[in-house]
Structures are given as C-alpha cells and as structure tokens.
Amino acid sequence: MMKRRIALILTFIAGSLGLFAFFFPGVPLFPVWPFVATANFKSASDRLDTWMVIVAGFALTLGVVNVVQTHGRKIMRQEKGWMYSVALLGGLFSMSAAGIYGLQPTEGIGKYTDGTSTPFDWIFGNIFFPLQATMFALLAFFMASAAYRAFRIRSFQATLLLAAAVIVMLGRIPFGEMISPHLSESITGTPGGAYLLPWLTNWIMDKPNSAGQSGIIIGAALGAAALSLRVILGLETSYLGQGKEG
Amino acid sequence: MSDRAPGKLDPIIALIAGVSLLLLLPVLVKLVLPAAAWESGPGPFFASFFETKNTSAFVLFVVFCSLVLISIRRARIGADLYIRPIAGLKAVDEAIGRATEMGRKILYVPGIQSMDEIQTIASLAVLGHVAKQTARYGADLDVSNRDPLTYAAARETVKQAYIEAGRPDAFRESLVNYITFDQWALTAALTGKMVREKPAAHFFIGSFYAEALMLAEVGQTTGAIQIAGTAELAQLPFFVCACDYTLIGEEFYAASAYLSRAPLLLGSIKGQDLVKGLVLAWLLLAAGLIVAAAATGGADSTGPVASLSKWMVSVLSHK
C-alpha cells in the first residue's frame, strides 16, 4: 500500500513539474533559503530528464542480468534452441570484452590513429552492422507481401485503396510523368496535362490523406492528454498492475 | 449512486467550473482590453511568469481538464456513461482464451520506447489487464522488451497483476524478458520466437517504428491471432494490413479504461469526447468563415470575417 502511494506521489510530482515547466518556465521552484534560488520549473524539468537517463543506465544492468539468467538457464537445461542462446551469450560477452579492452588509454572503441580498427570497432563494422543492415533490407520484401494482401480486391474500400495506391506509386516515379501526357490525352481528347499523375498524387496526399491523418492525430493527442491527466491524478493505476476491475 | 435531488448543481462540478473560469480570466481580460491598455496594465505582470506564446495551449488545457474532471465527477455521482464497443479490445479476452485452449503462449510487446513515452504507459495499462487474465486462465505469457526501464516497469506490472488475480505462485521472472536495446536485433529475436515457439496470440501495443511491419507480417504467417495498437501514424497501415485487430490512436489510449470498465476512467473518456466535439465545432466554424470570407471578399479579403477565421485557425495551429 505504502509502495503504491509513493509511486503515485512521485508520478504526480514528475507529471506536474513537466506541465508547470511548459506554462510557467521561469517561476522559481523554491524561492526561499537554503534552496538554490536559480532553480525554476524549467531547470527542474530538465534535471528530471537527466535523472531518467541515469536511472535507465541502472535499469540496463537489470536487463543484462535477465538476459544472462534466461539464456544461461536454457543452455544448462539444454532446452529447445539452446544453441541460439550460446550464440547470444557469446556475442554479449565478446562485445563486452572488446569494450572493456577499449578502456585502456591507448585503445578506445573507434579507430586507431593509423586508421585500423580497434577490436570493438572491427566487430561492430564487420559483424553487427551487416547483420543489422540485412534485417533492415528484409523490409522491402515484407512491404511487398503486405501490399499484396492489402490490395487484393475484396470490397469497395479495397478497390479504392488499390486505385489510390496505383496513382500514388505512378505519380512518384519518372514513368508516371512520362505517361501523364498520353493518359491525359486519352481521357480528355486534347493534348496537354503533362503532370496529371504527379498532380493527382499530390492531391491525394494533401487532401484526403492529410484530412484522415489530421483526424487520427487530433483524436490521439486528446487521448494522450486524457491518459496523462488520469496518470498524474492517480486515477489510472493499471500501468502499476493495479486495476479497478474485480 | 448519488442521493441528491435531480437537476441540482453538484458543488464539486461548480467548483471545477469556477476555478477554470478564474484561470481563464486573464485571457478573457486580454481579449476584451485594447492592446495598449493590456501592455501598460496587467500584460507585463503576466509575462513575467507565464510563457505567453503558449496561451492558446493553456486555454485548451484548462478547458480540457475541466471537462474531463467534470465528466469524472459525473461518473462518480452515478451518471450513465456509454462508450461505443471497440472490436480490438473486445477481442483481447478472446485471444487470451484461445491461447489457453491451445496450450500455447501469449507474446506481448509493449513497443520499443521508454517510460517517458505516453504510449508505453498506455501499453503497460493494457498489459496489466492481459497479465491478470493470463493469471486467471493459467495461460503462459511472454513479455519481450527493448527498453530497460520499460522492462523493469513491465515486470512490476505483471507481478502485481498476478498478485491481484490471486495467483502470486504462478508468477515467474521468465514471464517478462529483456531482449536487447538494438531495434533490428530485437526484431530478429521476436520474429525468431514467433516462428520457433509459435505463440497463439500476439499483442503489439505501444510505440513502434520500422520493425512494426516485419513483426506483424511474420506473426501473420504463423497463424496467431494478432492485436496491435499504436498512435504512430506511419505504422498504422502496416498493422491494419497484417493484424486481425488494430487499435487506432485514441482507441489505444482508451484501452485501459475500456477494459477495466471503471466509471472514473470511463468518465475521462467522455470528457475527452466532449473536447473533441468542441474542437470539431471550432474547425467547422473556422472553415465556414473562411468560405464565407472568400465568397464575399475574394481570396485576399481583409474584412472582419476573414480576420476572425484567420484568428481561429491561428489559435489551433499554435502560431
């Protein structure tokens, strides 16, 4: 009960501080001796942000401990897929070792003065970075499969989506500009309309798309504000695992 | 339920309205007074402690807070509040039940942001409900995290939910896992889990970036029931494409109130809807005035209608 109350009080103070810093940034926080006279809502709010980085640093230790415990247990019990855990812990310890080795004054984690890589930089550039780029590159294929599913003509809305998508895709590439005059001529019967598809693309993006997005943004912003208010006032406690349901 | 006579103004509601009017009084005075009188009078005093460029935000904040607080108070004294059914949230219990019947785990990803992101807090509120249900049904849960602070908070949320559900014995540290801080390594780990361990339900609720599409697409191929929720505009289409249910923007923020059905929380949703109605009315009026000004004085009109419409737009666009 006490633990919960402390969490709610801290949430109230931290949340209110951010609000006050936005509207009353220059107002002194504690205008009386022996507190720092220059401390105001803005500086206090900035200080809280710094504290968060420090707390996150400590929390990272918790995370690393969890990773070692979870995967160590998997290896010990030889659970299904335990070899992946060996690879993970191998990566964790070798990268950490390279980082700790880089603590020496003559080492570091970047490049040596002659341009060659330190062990940390070598592992990062030759193993980690290519793996990361590979994962990112896979997105293109997933985008194609998602587009295929979305554009299948099953209803009027899906047909509309397909038509809009085809226009936008064509309007964003040189091919769209190339076929625009011919398309325009075939529709109207008169020459001209060199930028029909790019114009249509811009219209779709600026008008219907922008209107729909604005609606979602306004709703989401008000929703976020309402949730923030509930959290600051201590009405919303389910993020602490404490709901009002029975 | 209240035992007050119907039609009588509740004193708390009157107090909230009074305080709001008091807070807005300087703004009203500024609107009424000529600019020179304001500058030589109370203007410099307010500017000494108030960030004047945030005046319109302050007005919206006061109106918003007062309407939300009044709605909460109305809920507390027993007003009947209707919230429309949200398909994605109705499906949460269905997904947990399905996973329990199949004897497979539930994968919950609370986004990739830290605790300073309101979407993460909204996600943890949903996680509290999901964890309580898994504790009741005896289903297996796997909460995978990218951010260490979110991981620590999620662990406490799940632990507390299991205690509240009366199943503290069923809580294990392995229910909540830290994966990695790197976005793509996290994606690789999560997609690997989906393919190898085949969870029966996936929850992607929180703030996501480019990994959203990959998670949802891989999850879709495993046949799991997928419920996503985010306020990230760019990722919403991907979730809509690949997930069974998607909580869009405000639905996602309303999730914890909707799931708990607590009158106080539902009251705040009602207040939020009232403000949305006000903003909509303001926008429609501004649009109508712009059209009227253009029709009467042309595009470059400088008449009072045009000035009023420009002012209405500028107030909302925070300029």
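Residue numbers begin at 1 in each chain, while the letters A, B, ... track the order of the sequences.
- Heavy-atom neighbours of chain B within the stretch residues 207-221 of chain A, taken at a separation under 4.5 angstrom, comprise A:Gln213, A:Ile216, A:Ile217, A:Ile218, A:Gly219, A:Ala220.
- Separating the CD1 atom in A:Ile232 from the SG atom in B:Cys65 is a distance of 8.5 Å, to the nearest 0.5 Å.
- Using a 4.5 Å cut-off between heavy atoms, B:Leu69 contacts chain A through its side chain alone, with no backbone atom that close.
- The distance from the OG atom of A:Ser228 to the OH atom of B:Tyr253 is 8.0 Å, given to the nearest 0.5 Å.
- By number of non-hydrogen pairs under 4.5 angstrom with chain A, the leading residue of B:Asp273, B:Ile121, B:Val68, B:Asp147 is B:Ile121.
- The most heavy-atom pairs under 4.5 Å with chain B, out of A:Val231, A:Leu227, A:Leu222, come from A:Leu222.
- Looking at B:Asn177, its side chain never comes within 3.5 Å of a backbone N or O of A:Asn66 through a donor-acceptor pair.
- Interface residue B:Tyr151: only side-chain heavy atoms are found under 4.5 Å from chain A.
- Contact count against chain A (heavy-atom pairs under 4.5 Å) is highest for B:Ala188 among B:Ala152, B:Ala231, B:Ala188.
- No other option in B:Ala122, B:Ser174, B:Ser114, B:Ala125 has as many heavy-atom pairs under 4.5 Å with chain A as B:Ala125.
- Between chain A and the residues B:Gln272, B:Glu250, B:Glu217, B:Glu51, the largest count of heavy-atom pairs under 4.5 Å involves B:Glu217.
- For the 3.5 Å distance criterion, the side chains of B:Gln220 and A:Arg149 qualify, holding a donor opposite an acceptor.
- Each of A:Leu233, A:Val64, A:Leu19 has some count of heavy-atom pairs under 4.5 Å with chain B, and the biggest count is that of A:Leu19.
- No more than 12 heavy atoms of other residues, nucleotides or ligands lie within 6.0 Å of CZ in A:Phe20, so this atom counts as exposed by the packing criterion.
- For residues 125-132 of chain A, a heavy-atom distance under 4.5 Å to chain B picks out A:Phe128, A:Gln132, given by residue number.
- Contacts of A:Lys42 with chain B are absent, with no heavy-atom separation under 4.5 Å from either backbone or side chain.
- Nearest heavy atoms, B:Ala57 versus A:Phe22: CB-CE2, 4.0 Å.
- Crowding of A:Arg47 atom CZ: a count of heavy atoms from other residues, nucleotides or ligands under 6.0 Å not exceeding 12.
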Verdict with supporting geometry, A:Leu62 and B:Arg155, side chain to side chain contact (heavy atoms under 4.5 Å, CB included): CA-CA 11 Å; A:Leu62 278 180; B:Arg155 199 172 61 170; 4.2 Å; yes
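- No side-chain heavy atom of A:Met135 sits less than 4.5 Å from a side-chain heavy atom of B:Glu211.
- Of all the listed residues (B:Phe181, B:Phe49, B:Tyr162, B:Phe238), the one sharing the greatest number of non-hydrogen pairs under 4.5 Å with chain A is B:Phe49.
- Looking only at side-chain heavy atoms (C-beta outward), B:Phe50 and A:Val27 stay at 4.5 Å or farther from each other.
- No more than 12 heavy atoms of other residues, nucleotides or ligands lie within 6.0 Å of NZ in B:Lys159, so this atom counts as exposed by the packing criterion.
- Of all the heavy atoms in A:Ala226 and B:Ser268, the pair that sits closest is CB-O, 4.5 Å.
- B:Phe61 and A:Phe23 have their aromatic ring centers within a separation under 6.0 angstrom.
- Only the side chain of B:Leu236 comes within less than 4.5 Å of a heavy atom in chain A; its backbone stays farther off.
- Of the atoms belonging to B:Ile179, it is backbone heavy atoms, and not side-chain ones, that fall under 4.5 Å from chain A.
- Note that the SG atom of B:Cys241 and the OH atom of A:Tyr148 stand 13.0 Å from one another [nearest 0.5 Å].
- In this structure, chain A has heavy atoms under 4.5 Å from both the backbone and the side chain of B:Ile118.
- There is no contact between B:Val126 and chain A, counting heavy-atom distances below 4.5 Å.
- Within residues 79-99 of chain A, the residues having any heavy atom closer than 4.5 Å to a heavy atom of chain B are A:Lys80, A:Tyr84, listed by residue number.
- The contact list for residues 136-146 of chain A toward chain B, using heavy atoms and a distance under 4.5 Å, reads A:Phe136, A:Leu138, A:Leu139, A:Phe142, A:Met143, A:Ser145, A:Ala146 by residue number.
- Most heavy-atom pairs under 4.5 Å with chain B: of the set A:His71, A:Met52, A:Gln69, A:Arg73, this distinction falls to A:Met52.
- Looking at B:Gln183, there are no atoms closer than 4.5 Å to chain A (heavy atoms on both sides), in backbone or side chain.
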